[in-house]
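A quick write-up on the structure given underneath.
Predicted model only: the values in this text are computed from it and were never measured. As a basis for the values below, the full set of heavy atoms in this structure was taken, side chains included, without hydrogen atoms, waters or symmetry mates. Below, read A as the first sequence line, B as the second, and so on, with proteins coming before strands; counting in each chain starts at 1.
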Amino acid sequence: MTTPAVDTSGGAPSSGSTPLEEPANLTWWQRYGDTTIIWTGRLTLLLALVVLWELLSGPVLDPLFVSRPSDVAERLVGWVGDGTLWTHTWITVREIFGGYLLGAVTGMVAGFAVASQRNLARIIDPFMMALYSVPKVALAPLFIVWFGIGLQMKILLAAVMVFFLVFLNTVAGVRQVDRGIVDAARLMGASRRELLIKVTLPASFTGVITGLRVAIPYALIGAVIGELVASNRGLGYLISNSAATFDTAGVFAALVVLSVIAAVVNMLVDMLGRRTDRWKPLEREPS
Amino acid sequence: MQSSILEATDVEKSFVKGDKRIVALRGFNLAVAEGSFVTVVGRSGCGKSTMLNMMAGLTKPTAGQITLRGEPVQGPRAEVGYLTQDDTLLPWREVRRNVEMPMELQGVGKRRRRETAQELIELVGLQGFEKHYPRELSGGMRRRASLARLLAGDPQTLLLDEPFGALDAQLRTDLQVELLRLWRGSGRTVVFVTHDLEEALLLGDRVVVLGPVGRLLLDEPVEIARPRDPDDVRVDERFVHLHKKLGAALKEGAL
């Protein structure tokens, strides 16, 4: 390069124009205090509710209807011992994951395919909304006719529920992609494929993640509803079977297992979603 | 006079909005010589950005044509770099990976990419912020990151839409100097849109003043010797003369 044309100071622009970065020197409490408080609060609340339930069951509430935590725990232990719990949970888990995976993948693929064609998206939109608004429970009888009462029927029922949520959120996510960013990538010489992979996919990620997140409970709902409607296995079956024999402890035990499954799946998706959060600045005010 | 690299001939650009047709440019002609530094001045809404959009290949003229090296511009090309007014950094990429993006698309190897990106980041004074996401930067810093990204693609023709508008005076001067340094003797062509008359005269070989719908109000060579010191040039006779002329032309165009 030739000598600088007008420069009088020489070298690169002064770095004094960037904010100063320095170690924050946070104490353990400043760093983890909030998290500790929140988790302590959560555990205390849970414990309080369980104790309250245990105490009220009997003197105030009829244990025949509400059971009691100790009975539920006993039932869980019993089920774990004789293998009941594992057999039924495994079936429900397979239905949930199968349905979720099937629904999420088809939802995303269809979402991207439809959203990339502007007119197609507009044509299909009202139909999708109409189908989306149909209560999926109403499909259960039809699915029994089509697929029987086995695993398949539950997986498909869960998948249908998941599909619409993921599909609609993916389409919305793709639509929200900033036109300026797409143009910028085109200016840099991106091909159609590169645009999709390097721009459209990550830019719509927030929308897709939202869809994936809100769809999780619906995979559970789909699977359990399928089991409640017709089946002889799974946690849904355990619930309906226990209820039919007035075994409320069994109902609650199955519900506890369902909640645990839901919490675990939620955590998995949260970890995925944390990537998107990193785009936003993390502001920490040391107190 | 060298051969022109970019040429707009009888260009018209209009947009249909409702049942109205909005004309942004009409009867626009401009030839940009290869290797020259052309500054374009005009009030907001005179079609400067529309002109650049078409030169970059983002939009097509409604009538007339724009050619690059004699060939009609059909779409965006990597050899033409365009720094738009809007911030278009990818929010999910850190500064460094944003700067690497054009090289990634050109298939440059990872190590080369990293080295070049680092050099450019230092050039625009963003060292230490390689790992920051655009949202964590100030507006001026994002602007500098965009400039680094533009240069990473090593375009032969640079279209710059008010690149230094949002920067503070000192940084603005620094980057003007860097831009001139990168341009001089490199054979690159620059079309630089600004609303700052001083900047236009300080940087350009030639200054073009646009009026409503892209009417050419003035097209003057800037015959001030380089290097131009920002402090000295302001009292240069030709500078003062041109500054007055430009100001008058802008005023006249507004009528």
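A salt bridge between Arg144(B) and Asp174(B) is absent, with no side-chain N of the basic residue lying under 4.0 Å from a carboxylate O of the acidic one. Using a cutoff of 4.0 Å between basic side-chain nitrogens and carboxylate oxygens, Glu34(B) and Arg69(B) are scored as salt-bridged. Of the charged side-chain nitrogens involved, none lies within less than 4.0 Å of a carboxylate oxygen, so that Arg112(B) and Glu115(B) do not count as a salt-bridged pair. Salt bridge annotation for Arg234(B)-Glu198(B): present, with a cationic side-chain nitrogen under 4.0 angstrom from a carboxylate oxygen.
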Cut-off 3.5 Å, no hydrogens considered: what does the side-chain donor-acceptor table look like for residues 151-158 of chain B, sequence neighbours left out?
unit_1    : atom_1 : unit_2    : atom_2 : d
Asp154(B) : OD1    : Arg188(B) : NH2    : 2.6

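Side-chain rings of Trp92(B) and Phe205(A) stay apart, their centers remaining 6.0 Å or farther from each other.
Across Gln85(B) and Arg143(B), no two heavy atoms sit closer than the pair O-NH1, 3.7 Å.
With chain A as the partner, the residue from Leu105(B), Thr84(B), Asp87(B) showing the most heavy-atom pairs under 4.5 Å is Leu105(B). For chain A, the option among Asp86(B), Leu137(B), Leu58(B), Leu83(B) with the highest count of heavy-atom pairs below 4.5 Å is Leu58(B). When each of Glu104(B), Met103(B), Gln106(B) is checked for heavy-atom pairs under 4.5 Å with chain A, Glu104(B) comes out on top.
By a heavy-atom distance cut of under 4.5 Å, Gly180(A), Ile181(A), Asp183(A), Ala184(A), Ala185(A), Arg186(A) are the residues of residues 166-186 of chain A near chain B, going up by number. Of all residues in residues 74-81 of chain B, those placing a non-hydrogen atom less than 4.5 angstrom from a non-hydrogen atom of chain A are Pro76(B), Arg77(B), Ala78(B), Val80(B).
Heavy atoms of Leu89(B) lying under 4.5 Å from chain A belong exclusively to its backbone.
Looking at Arg114(B), Arg96(B), Gln118(B) one by one, the single match for side chain to side chain donor-acceptor pair (under 3.5 Å) with Glu130(B) turns out to be Gln118(B).
Residues passing the side chain to side chain donor-acceptor pair (under 3.5 Å) test with Ser116(A): none are found, sequence neighbours excluded.
By the 6.0 Å and 45° rule, Lys136(A) stacks over the aromatic ring of Phe164(A). Remark: Arg42(A) is positioned above the aromatic ring of Trp39(A), its terminal NZ or CZ atom under 6.0 angstrom from the ring centre and at most 45 degrees off the axis.
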